[in-house]
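Let me begin by presenting the structure, written as C-alpha coordinates, before commenting on it.
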Amino acid sequence: VAQPPKPSKLKVGVDVPWVTSWSGEEQLGVSRCASVDGALAFAQADRPGLGRPLYSQNHVRRQRESVRRMLCPMCGEPTPADDRWTLLAKPETAASLKAKGLDFVLPPGLAPDHELLNAGSISPLHRACADRSSMLCPHIRGDISAALRPFPKRWSVAPLMVKATPQIEHFRARAASQSPVMVILFLQLCGIA
Ligand SMILES: [Zn+2]
(Lines give C-alpha, C1' and ligand atoms only; values in the text may rest on other atoms or scores of the structure.)
Protein backbone atom coordinates (compact mmCIF):
# COMPACT_ATOMS: atom_id res chain seq x y z
CA VAL A 1 0.00 0.00 0.00
CA ALA A 2 1.45 3.38 -1.03
CA GLN A 3 1.97 5.78 1.87
CA PRO A 4 1.27 9.49 1.32
CA PRO A 5 4.56 11.42 1.12
CA LYS A 6 5.84 12.85 4.42
CA PRO A 7 7.77 16.10 4.99
CA SER A 8 11.51 15.46 4.61
CA LYS A 9 14.20 16.28 7.17
CA LEU A 10 16.37 17.45 4.27
CA LYS A 11 16.30 21.25 3.81
CA VAL A 12 15.43 22.73 0.41
CA GLY A 13 18.25 25.00 -0.81
CA VAL A 14 20.69 23.60 1.74
CA ASP A 15 20.76 19.79 1.52
CA VAL A 16 18.83 19.55 -1.75
CA PRO A 17 18.95 22.04 -4.66
CA TRP A 18 15.96 24.40 -4.81
CA VAL A 19 15.26 23.39 -8.42
CA THR A 20 15.06 19.64 -7.66
CA SER A 21 11.69 17.84 -7.85
CA TRP A 22 10.25 15.94 -4.88
CA SER A 23 8.17 12.77 -4.90
CA GLY A 24 5.30 14.77 -3.32
CA GLU A 25 5.13 17.10 -6.34
CA GLU A 26 2.97 15.29 -8.87
CA GLN A 27 2.64 16.25 -12.53
CA LEU A 28 -0.49 18.31 -13.20
CA GLY A 29 -0.72 18.24 -16.99
CA VAL A 30 -0.82 21.38 -19.11
CA SER A 31 -1.87 24.90 -18.17
CA ARG A 32 -0.98 28.53 -18.83
CA CYS A 33 2.08 29.47 -16.74
CA ALA A 34 3.24 32.91 -15.57
CA SER A 35 6.86 31.68 -15.75
CA VAL A 36 6.59 31.85 -19.56
CA ASP A 37 4.26 34.86 -19.88
CA GLY A 38 1.09 32.78 -19.85
CA ALA A 39 2.10 30.34 -22.59
CA LEU A 40 0.97 26.71 -22.35
CA ALA A 41 3.44 24.77 -20.23
CA PHE A 42 3.65 21.60 -18.17
CA ALA A 43 2.51 22.13 -14.60
CA GLN A 44 3.55 20.39 -11.42
CA ALA A 45 2.39 20.55 -7.79
CA ASP A 46 4.52 22.96 -5.75
CA ARG A 47 5.53 21.22 -2.50
CA PRO A 48 9.32 21.22 -2.24
CA GLY A 49 10.45 19.22 0.78
CA LEU A 50 7.56 16.74 0.65
CA GLY A 51 8.53 13.09 0.21
CA ARG A 52 11.99 12.33 -1.17
CA PRO A 53 14.11 14.41 -3.55
CA LEU A 54 14.22 13.23 -7.18
CA TYR A 55 17.74 14.43 -7.94
CA SER A 56 17.62 13.56 -11.63
CA GLN A 57 14.42 15.58 -12.24
CA ASN A 58 14.07 19.35 -12.17
CA HIS A 59 10.72 20.79 -11.07
CA VAL A 60 9.28 22.17 -14.32
CA ARG A 61 8.13 25.60 -13.09
CA ARG A 62 11.10 26.20 -10.76
CA GLN A 63 13.41 25.29 -13.67
CA ARG A 64 11.69 27.78 -16.00
CA GLU A 65 11.81 30.52 -13.35
CA SER A 66 15.46 29.82 -12.60
CA VAL A 67 16.40 30.52 -16.23
CA ARG A 68 13.91 33.34 -16.79
CA ARG A 69 14.74 35.27 -13.61
CA MET A 70 18.39 34.16 -13.20
CA LEU A 71 17.68 32.37 -9.92
CA CYS A 72 20.43 30.15 -8.52
CA PRO A 73 19.32 26.49 -8.90
CA MET A 74 20.94 25.62 -5.55
CA CYS A 75 19.45 28.28 -3.23
CA GLY A 76 16.68 29.80 -5.41
CA GLU A 77 17.85 33.40 -4.82
CA PRO A 78 18.62 35.79 -7.73
CA THR A 79 22.23 35.82 -8.90
CA PRO A 80 23.73 39.32 -9.35
CA ALA A 81 25.46 39.97 -12.70
CA ASP A 82 28.93 39.77 -11.07
CA ASP A 83 28.29 36.47 -9.28
CA ARG A 84 27.14 33.94 -11.89
CA TRP A 85 29.06 30.68 -12.28
CA THR A 86 28.56 27.37 -14.01
CA LEU A 87 29.98 23.93 -13.27
CA LEU A 88 28.48 21.74 -15.99
CA ALA A 89 28.03 24.18 -18.91
CA LYS A 90 29.95 23.11 -22.01
CA PRO A 91 32.05 25.40 -24.21
CA GLU A 92 30.69 25.32 -27.77
CA THR A 93 30.74 27.38 -30.93
CA ALA A 94 27.75 28.48 -32.97
CA ALA A 95 28.79 25.86 -35.56
CA SER A 96 29.11 22.97 -33.07
CA LEU A 97 25.70 23.78 -31.57
CA LYS A 98 24.21 23.87 -35.07
CA ALA A 99 25.73 20.46 -35.83
CA LYS A 100 23.86 19.05 -32.81
CA GLY A 101 20.58 20.62 -33.93
CA LEU A 102 20.61 22.95 -30.91
CA ASP A 103 21.07 26.23 -32.75
CA PHE A 104 17.39 27.13 -32.20
CA VAL A 105 18.57 28.51 -28.85
CA LEU A 106 20.82 31.09 -30.55
CA PRO A 107 20.01 34.60 -31.75
CA PRO A 108 20.44 34.94 -35.54
CA GLY A 109 23.61 36.33 -37.09
CA LEU A 110 26.34 34.78 -34.93
CA ALA A 111 29.56 33.84 -36.76
CA PRO A 112 30.18 30.05 -36.93
CA ASP A 113 33.21 30.34 -34.61
CA HIS A 114 31.42 32.54 -32.06
CA GLU A 115 32.23 31.20 -28.56
CA LEU A 116 29.31 29.99 -26.47
CA LEU A 117 28.77 28.36 -23.10
CA ASN A 118 25.90 25.90 -23.40
CA ALA A 119 24.25 25.69 -19.96
CA GLY A 120 21.43 23.39 -21.10
CA SER A 121 18.70 23.53 -18.45
CA ILE A 122 20.91 24.78 -15.59
CA SER A 123 20.92 28.47 -14.65
CA PRO A 124 24.13 29.95 -13.21
CA LEU A 125 24.91 29.58 -9.50
CA HIS A 126 26.32 31.92 -6.87
CA ARG A 127 30.04 31.21 -6.38
CA ALA A 128 29.36 30.02 -2.82
CA CYS A 129 26.57 27.73 -4.06
CA ALA A 130 28.78 26.38 -6.86
CA ASP A 131 31.49 25.52 -4.30
CA ARG A 132 28.92 23.84 -2.07
CA SER A 133 27.39 21.88 -5.00
CA SER A 134 30.74 20.61 -6.21
CA MET A 135 31.46 19.30 -2.69
CA LEU A 136 28.05 17.70 -2.10
CA CYS A 137 26.81 16.53 -5.50
CA PRO A 138 28.10 13.12 -6.65
CA HIS A 139 26.91 13.86 -10.20
CA ILE A 140 29.15 16.95 -10.41
CA ARG A 141 32.07 15.21 -8.62
CA GLY A 142 31.81 12.32 -11.09
CA ASP A 143 31.76 14.54 -14.22
CA ILE A 144 35.36 14.91 -15.34
CA SER A 145 34.43 17.78 -17.65
CA ALA A 146 32.89 19.77 -14.76
CA ALA A 147 34.74 23.06 -14.29
CA LEU A 148 33.99 26.33 -12.56
CA ARG A 149 33.47 28.97 -15.25
CA PRO A 150 32.07 32.52 -15.08
CA PHE A 151 28.78 32.81 -16.97
CA PRO A 152 28.87 35.34 -19.86
CA LYS A 153 27.13 38.73 -19.58
CA ARG A 154 24.99 37.92 -22.66
CA TRP A 155 22.83 34.85 -23.08
CA SER A 156 19.87 33.50 -24.99
CA VAL A 157 16.91 31.47 -23.79
CA ALA A 158 14.75 29.10 -25.84
CA PRO A 159 11.88 26.85 -24.82
CA LEU A 160 12.18 23.09 -25.04
CA MET A 161 8.80 22.16 -26.55
CA VAL A 162 7.02 18.82 -26.43
CA LYS A 163 3.76 17.71 -27.97
CA ALA A 164 0.91 17.27 -25.50
CA THR A 165 -2.85 17.03 -25.37
CA PRO A 166 -4.25 19.56 -22.90
CA GLN A 167 -6.82 18.25 -20.45
CA ILE A 168 -10.45 19.17 -20.94
CA GLU A 169 -10.77 21.18 -17.70
CA HIS A 170 -8.27 23.75 -18.96
CA PHE A 171 -10.34 24.53 -22.04
CA ARG A 172 -13.96 25.42 -22.55
CA ALA A 173 -14.11 24.10 -26.09
CA ARG A 174 -14.05 20.33 -26.22
CA ALA A 175 -12.65 20.45 -29.75
CA ALA A 176 -9.59 22.37 -28.55
CA SER A 177 -8.91 19.77 -25.87
CA GLN A 178 -8.60 16.90 -28.31
CA SER A 179 -5.86 18.10 -30.63
CA PRO A 180 -2.26 17.88 -29.46
CA VAL A 181 -0.37 21.18 -29.24
CA MET A 182 3.26 22.15 -28.65
CA VAL A 183 3.78 22.89 -24.96
CA ILE A 184 6.78 24.28 -23.06
CA LEU A 185 8.53 21.79 -20.78
CA PHE A 186 11.80 23.49 -19.80
CA LEU A 187 13.80 26.55 -20.82
CA GLN A 188 17.24 26.12 -22.37
CA LEU A 189 20.02 28.59 -21.65
CA CYS A 190 23.12 29.41 -23.67
CA GLY A 191 25.78 31.96 -22.68
CA ILE A 192 27.19 34.10 -25.50
CA ALA A 193 30.82 35.15 -25.02
ZN1 LIG B 1 22.78 30.34 -4.64
Side-chain angles (χ1 to χ4, degrees), residues 5-27 33-37 41-92 97 102 105-106 115-160 184-193:
K6 295 193 178 91
S8 174
K9 291 190 178 74
L10 298 171
K11 286 202 169 58
V12 173
V14 179
D15 305 309
V16 179
W18 171 80
V19 77
T20 296
S21 262
W22 290 73
S23 59
E25 297 183 303
E26 70 273 21
Q27 306 291 330
C33 186
S35 69
V36 283
D37 300 337
F42 277 92
Q44 189 174 355
D46 194 15
R47 298 186 204 100
L50 190 67
R52 61 193 164 77
L54 306 175
Y55 287 105
S56 59
Q57 291 175 33
N58 285 334
H59 185 277
V60 291
R61 183 194 47 77
R62 289 198 292 278
Q63 191 280 337
R64 295 190 297 258
E65 286 194 358
S66 72
V67 168
R68 200 66 198 280
R69 297 165 52 200
M70 284 284 139
L71 306 180
C72 172
M74 183 66 202
C75 70
E77 296 297 320
T79 48
D82 61 352
D83 189 17
R84 288 181 183 147
W85 301 84
T86 74
L87 289 165
L88 298 176
K90 301 285 182 282
E92 299 266 8
L97 220 55
L102 295 171
V105 75
L106 299 178
E115 286 179 30
L116 307 167
L117 193 57
N118 183 17
S121 62
I122 309 173
S123 61
L125 304 113
H126 299 106
R127 175 64 196 265
C129 293
D131 289 346
R132 184 175 171 77
S133 299
S134 50
M135 270 193 322
L136 295 179
C137 175
H139 176 65
I140 294 170
R141 280 208 313 264
D143 186 334
I144 53 161
S145 67
L148 187 70
R149 296 184 171 95
F151 191 71
K153 302 286 180 218
R154 268 180 81 202
W155 62 87
S156 63
V157 173
L160 182 69
I184 299 172
L185 183 59
F186 292 123
L187 294 179
Q188 310 244 100
L189 175 66
C190 188
I192 301 169

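Both ligands and their constituent atoms are indexed starting at 1 by order of listing. This structure is a prediction, so every number in the text was calculated from the model and none was measured.
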Would Ser133 and Leu87 count as a side-chain contact (heavy atoms from CB on, under 4.5 Å) here? Give the steps. CA-CA 9 Å; Ser133 299; Leu87 289 165; 4.1 Å; yes
Residues passing the salt bridge (Lys or Arg N to Asp or Glu O under 4.0 Å) test with Lys153, sequence neighbours excluded, are none
Salt bridge (Lys or Arg N to Asp or Glu O under 4.0 Å) filter on Arg68, not counting sequence neighbours, yields Asp37
For Asn118 and Glu92, the nearest pair of non-hydrogen atoms, with its separation, is CB-CG, 3.8 Å
Sorted by chain and residue number, the salt bridge (Lys or Arg N to Asp or Glu O under 4.0 Å) partners of Glu65 (sequence neighbours excluded) come out as Arg61, Arg69
*asked:* Please determine whether side-chain contact (heavy atoms from CB on, under 4.5 Å) holds for the pair Glu77 and Cys72, giving the CA-CA distance in whole Å, both sets of side-chain angles, and the decisive distance to 0.1 Å.
replied: CA-CA 6 Å; Glu77 296 297 320; Cys72 172; 5.5 Å; no
Report for the Zn ion (ligand 1), protein N, O or S closer than 2.8 Å, by chain and number, lists Cys72 SG, Cys75 SG, His126 ND1, Cys129 SG
